Peer 1: 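I'd like to ask some things about the structure below.
The shown structure was predicted, so the numbers you read here are calculated from the model rather than taken from an experiment. We name chains A, B, ... by the order of the sequence lines, and we start the count at 1 in each one.
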Amino acid sequence: MITIKLFGITREIVGQPILELAEPIDTVGQLKDFMMITYPKIKALNSLLIAVNSEYAQDEQLLTSTDEIALIPPVSGG
Amino acid sequence: MFTKEELERYSRHFVLPNFGLQGQENLKKSSVLVVGAGGLGSPVLQYLTAAGVGKIGIADFDEVSLSNLQRQVLFTTESIKKNKAQEASKYLEALNPHIEFKIYTDKLTSANALQTLKDYDVIIDGTDNFPTRYLVNDACVILNKPLVYGSIHGFEGQCCVFNYKGGPNYRDIHPTPPDPSAVPNCAEGGVLGALAGIIGSMMAVEAIKIVAGLEPGLAGKLYLFDSLHYYNQKINLGEAKLANKVTKLIDYEAFCSLTGTKQTINEVTAAELKKWLNKSPESIQLVDVRETYERAIGHIGGIHIPLHAIIAQTDEIANDGKVIFYCSGGIRSAHAIMQLGQHSNAQNFYNLAEGLKNW
């Protein structure tokens with residue numbers, strides 16, 4: 001089980017601020033893949049920033065249940 | 001160096017530890033360009049002007065509208081239908097007569113951006129759309145200037161100092177723009193007016209520290225703020241450094257939007273491409289522009305260049321014969337072809353329509 005904090009439009013797309021996933025997701029890349037396949041509107045964002053424990057995370061990074069994961073989409077408003 | 005009036009005006013800075021007379025002198029000698037005099041630009045401009053930044057550029061081609069007044073605190077009801085940069089300067093000149101203002105009422109474009117930005121020490125991105133955000137970012141990378149970035153959405157805001165002393169820039173975290181209309185702007189998604197004041201003030205703090213000679217706290221760090229829950233987080237972007245080096249400005253409207261340019265991109269359907277490959281596979285190059293993790297799940301052959309690296313790895317793309325770009329849905333591959341518009345073999349580039357969905 002991993003817990004993901006959602007920011008920006010991803011929060012509205014998923015419909016909740018925090019997402020808990022029981023799927024077998026081992027890496028950041030797999031998480032991006034899962035989110036894009038599950039939510040076509042997230043796929044349309046084309047670019048997702050994922051932070052693990054407040055650090056920018058590469059696709060290969062392994063995820064554990066204790067990690068603090070944040071999903072950050074592009075934001076344009078100003 | 002300072003008049004008696006200025007000594008009194010800035011007296012709270014002079015007594016501020018780590019700032020003092022030197023910091024104020026640095027401010028007076030410095031120049032900052034604010035791109036976008038809207039929700040974020042308003043508080044940024046107010047504080048830069050009040051603080052005593054010597055020269056301030058204001059770039060905004062837009063007019064004030066009634067719905068702006070909920071958050072764009074530089075303007076009054078009388079400002080409606082007037083140019084934002086000019087209206088802003090009127091207010092700001094009254095706030096501090098020691099500042100030199102330069103107004104830019106033309107739209108910032110690839111043609112004028114480098115010329116406009118080059119005379120300033122720090123650039124502020126308070127714009128409200130992706131094409132201008134990528135344009136300002138790329139121009140800052142080319143000119144090697146720090147970029148103070150902010151953006152707002154609903155109850156949330158972000159702030160970051162990009163491209164500071166070789167640190168990460170906006171493209172390092174978002175190499176590819178979202179599909180048109182995938183991310184709502186303030187008009188579509190709404191925004192809490194006072195939030196613009198918070199994020200804009202944070203941007204002003206970072207810009208003032210940089211020109212005063214202090215270290216910005218958000219260099220290479222993305223600050224996220226959720227005003228609904230008063231939650232905040234600071235993301236260290238230290239490892240976000242992609243191979244894709246920006247060397248020239250491109251057509252950012254085309255880069256961020258497929259409309260209007262779609263006709264100029266050759267398309268091939270999955271069924272047609274299979275026929276081509278059966279007939280003469282040796283004359284066709286396939287280019288997979290998806291991310292590494294996607295390719296690992298499965299691919300249809302050819303070379304692999306993720307979209308964010310397409311310019312950096314242009315050399316790997318064939319100089320003759322048909323080249324077919326593909327991704328999962330056909331959007332990113334279309335972006336790749338648009339970015340490669342200047343390639344000598346561009347007329348032979350094809351986009352796999354709908355990507356691998358129909359393969």
Side-chain angles (χ1 to χ4, degrees), chain A residues 3-19 23-63 67-78, chain B residues 36 38-41 125-130 132-133 150-154 156-158 168 170 172-179 181-187 189 191 196 199-200 222 224 226 228-229 231 233-240 291-294 296-297 307-308 328-329 331-332 335:
Chain A
T3 306
I4 303 137
K5 207 177 270 282
L6 304 170
F7 286 90
I9 188 68
T10 63
R11 185 177 290 191
E12 281 143 55
I13 292 170
V14 174
Q16 56 203 60
I18 290 173
L19 184 62
E23 280 77 3
I25 293 171
D26 297 325
T27 66
V28 167
Q30 287 172 9
L31 174 61
K32 283 185 185 172
D33 211 19
F34 176 86
M35 295 303 292
M36 289 190 174
I37 289 166
T38 312
Y39 302 97
K41 285 183 174 175
I42 288 183
K43 187 172 184 325
L45 298 172
N46 294 332
S47 165
L48 285 176
L49 167 62
I50 291 189
V52 178
N53 303 324
S54 294
E55 296 278 336
Y56 172 89
Q58 308 277 7
D59 286 350
E60 307 74 43
Q61 182 162 340
L62 294 171
L63 296 172
D67 283 333
E68 190 184 345
I69 303 166
L71 185 66
I72 305 150
V75 175
S76 68
Chain B
L40 295 171
D125 175 5
T127 64
D128 62 355
N129 63 86
F130 288 111
T132 318
R133 287 190 182 278
S151 64
I152 45 178
H153 170 95
E156 289 177 38
Q158 308 183 346
Y170 186 71
D172 290 326
I173 59 168
H174 292 303
T176 313
D179 292 357
S181 75
V183 177
N185 57 28
C186 290
V191 67
I199 299 297
L222 180 69
L224 306 171
D226 171 6
L228 202 54
H229 306 94
Y231 172 85
Q233 194 176 346
K234 195 161 74 172
I235 312 286
N236 184 5
L237 304 175
E239 296 302 313
E291 297 298 317
T292 305
Y293 71 90
E294 296 175 281
I297 295 166
L307 178 57
H308 62 74
S328 52
I331 302 282
R332 280 173 289 169
H335 275 295

Peer 1: At under 4.5 Å between heavy atoms, what parts of residues 71-78 of chain A are in contact with chain B? List them by residue number.
Peer 2: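 When heavy atoms of chain B are the reference, residues 71-78 of chain A contributes Ile72(A), Pro73(A), Pro74(A), Val75(A), Ser76(A), Gly77(A), Gly78(A) within the under-4.5 Å range.
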Peer 1: Does any heavy atom of chain A fall under 4.5 Å from the side chain of Leu222(B), the backbone, both, or neither of them?
Peer 2: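 For Leu222(B), the side chain is the part near chain A, not the backbone.
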Peer 1: Can you name the residues that form a side-chain hydrogen bond (donor to acceptor under 3.5 Å, both in side chains) with Tyr231(B), not counting sequence neighbours?
Peer 2: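 For Tyr231(B), the residues satisfying side-chain hydrogen bond (donor to acceptor under 3.5 Å, both in side chains) (neighbours in sequence not counted) are Glu68(A), Gln233(B).
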Peer 1: Any donor and acceptor pair, going by atom type alone, linking the side chain of Asn129(B) with main-chain N or O of Thr132(B) inside 3.5 Å?
Peer 2: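 Yes; judged by distance alone, with no hydrogens or angles, the pair exists.
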Peer 1: How close do Lys43(A) and Met36(A) get, counting heavy atoms only, and between which atoms?
Peer 2: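 That closest heavy-atom pairing would be CB-O, 3.6 Å.
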Peer 1: Minimum heavy-atom separation for Ala182(B) and Leu45(A), please, with both atom names.
Peer 2: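 Reported closest heavy-atom pair: O-CD2, 3.9 Å.
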Peer 1: Under 3.5 Å, is there a donor-acceptor pair between the side chain of Asp67(A) and the main chain of Ile69(A)?
Peer 2: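 The answer is no, because no donor-acceptor pair under 3.5 Å joins these two groups.
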Peer 1: Determine the minimum heavy-atom distance between Leu237(B) and Tyr56(A), stating which atoms define it.
Peer 2: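 Distance-wise, the nearest heavy atoms are CA-CB, 3.9 Å.
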Peer 1: Going by residue number, which parts of residues 25-33 of chain A are within reach of chain B, meaning a heavy-atom gap below 4.5 Å?
Peer 2: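 Counting heavy atoms that sit under 4.5 Å from chain B, the residues of residues 25-33 of chain A involved are Gly29(A), Lys32(A), Asp33(A).
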Peer 1: Can you name the nearest heavy-atom pair linking Ala196(B) to Leu40(B), along with the distance?
Peer 2: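 Scanning both residues completely, I find the closest heavy atoms to be O-CD2, 3.8 Å.
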Peer 1: Report the residue from Val14(A), Ile42(A), Ile18(A) that forms a side chain to side chain contact (heavy atoms under 4.5 Å, CB included) with Leu6(A).
Peer 2: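 Exactly one option meets the side chain to side chain contact (heavy atoms under 4.5 Å, CB included) with Leu6(A), and it is Val14(A).
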Peer 1: Checking heavy atoms, do the side chain of Asp226(B), its backbone, both or neither come under 4.5 Å from chain A?
Peer 2: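 Side chain only.
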Peer 1: Measure from the side-chain N and O atoms of Arg11(A) to the backbone N and O of Pro17(A), and report whether any donor-acceptor pair falls under 3.5 Å.
Peer 2: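 No, Arg11(A) side chain to Pro17(A) backbone: no donor-acceptor pair under 3.5 Å.
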Peer 1: Going by atom types alone, do Glu156(B) and His229(B) pair a side-chain donor with an acceptor below 3.5 Å?
Peer 2: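 No, His229(B) and Glu156(B) have no side-chain donor paired with an acceptor closer than 3.5 Å.
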Peer 1: Against chain B, label Ala57(A) side chain, backbone, both or neither, depending on which of its atoms sit under 4.5 Å from a heavy atom there.
Peer 2: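 Looking at Ala57(A), nothing touches chain B.
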Peer 1: When heavy-atom pairs shorter than 4.5 Å are enumerated against chain A, which of Gly189(B), Pro177(B), Gly154(B) gives the highest number?
Peer 2: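 The candidate making the most pairs under 4.5 Å is Pro177(B).
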Peer 1: Answer with side chain, backbone, both or neither: which region of Leu224(B) has an atom nearer than 4.5 Å to a non-hydrogen atom of chain A?
Peer 2: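 For Leu224(B), the contact with chain A is made by the side chain alone.
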Peer 1: Using non-hydrogen atoms and a 4.5 Å limit, figure out which bit of Ile297(B) sits close to chain A: side chain, backbone, both or neither.
Peer 2: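 Only the side chain of Ile297(B) comes within 4.5 Å of chain A.
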Peer 1: Between Lys41(A) and Thr10(A), do the side chains contain a donor N or O and an acceptor N or O under 3.5 Å apart?
Peer 2: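 No, no side-chain donor-acceptor contact under 3.5 Å.
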Peer 1: Answer with side chain, backbone, both or neither: which region of Thr127(B) has an atom nearer than 4.5 Å to a non-hydrogen atom of chain A?
Peer 2: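 Only the backbone of Thr127(B) comes within 4.5 Å of chain A.
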Peer 1: Please step through side chain to side chain contact (heavy atoms under 4.5 Å, CB included) for the pair His153(B) and Gln158(B), ending with a clear verdict.
Peer 2: CA-CA 9 Å; His153(B) 170 95; Gln158(B) 308 183 346; over 6 Å; no
Peer 1: Could I get the full list of side-chain hydrogen bond (donor to acceptor under 3.5 Å, both in side chains) partners for Glu294(B), not counting sequence neighbours?
Peer 2: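 Partners of Glu294(B) by the side-chain hydrogen bond (donor to acceptor under 3.5 Å, both in side chains) criterion, ordered by chain and then number, come out as Arg332(B).
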Peer 1: Could you look at Pro168(B) and say if it's the side chain, the backbone, both or neither that has a heavy atom under 4.5 Å from chain A?
Peer 2: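 Neither part.
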Peer 1: Highest number of heavy-atom pairs under 4.5 Å with chain A: which of Asp128(B), Val183(B), Asp125(B)?
Peer 2: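 Highest number of pairs under 4.5 Å: Asp128(B).
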Peer 1: Given the rule in the side chain to side chain contact (heavy atoms under 4.5 Å, CB included) test, do Ser151(B) and Arg133(B) qualify, once you have shown the distances and angles that lead to the verdict?
Peer 2: CA-CA 10 Å; Ser151(B) 64; Arg133(B) 287 190 182 278; 3.5 Å; yes
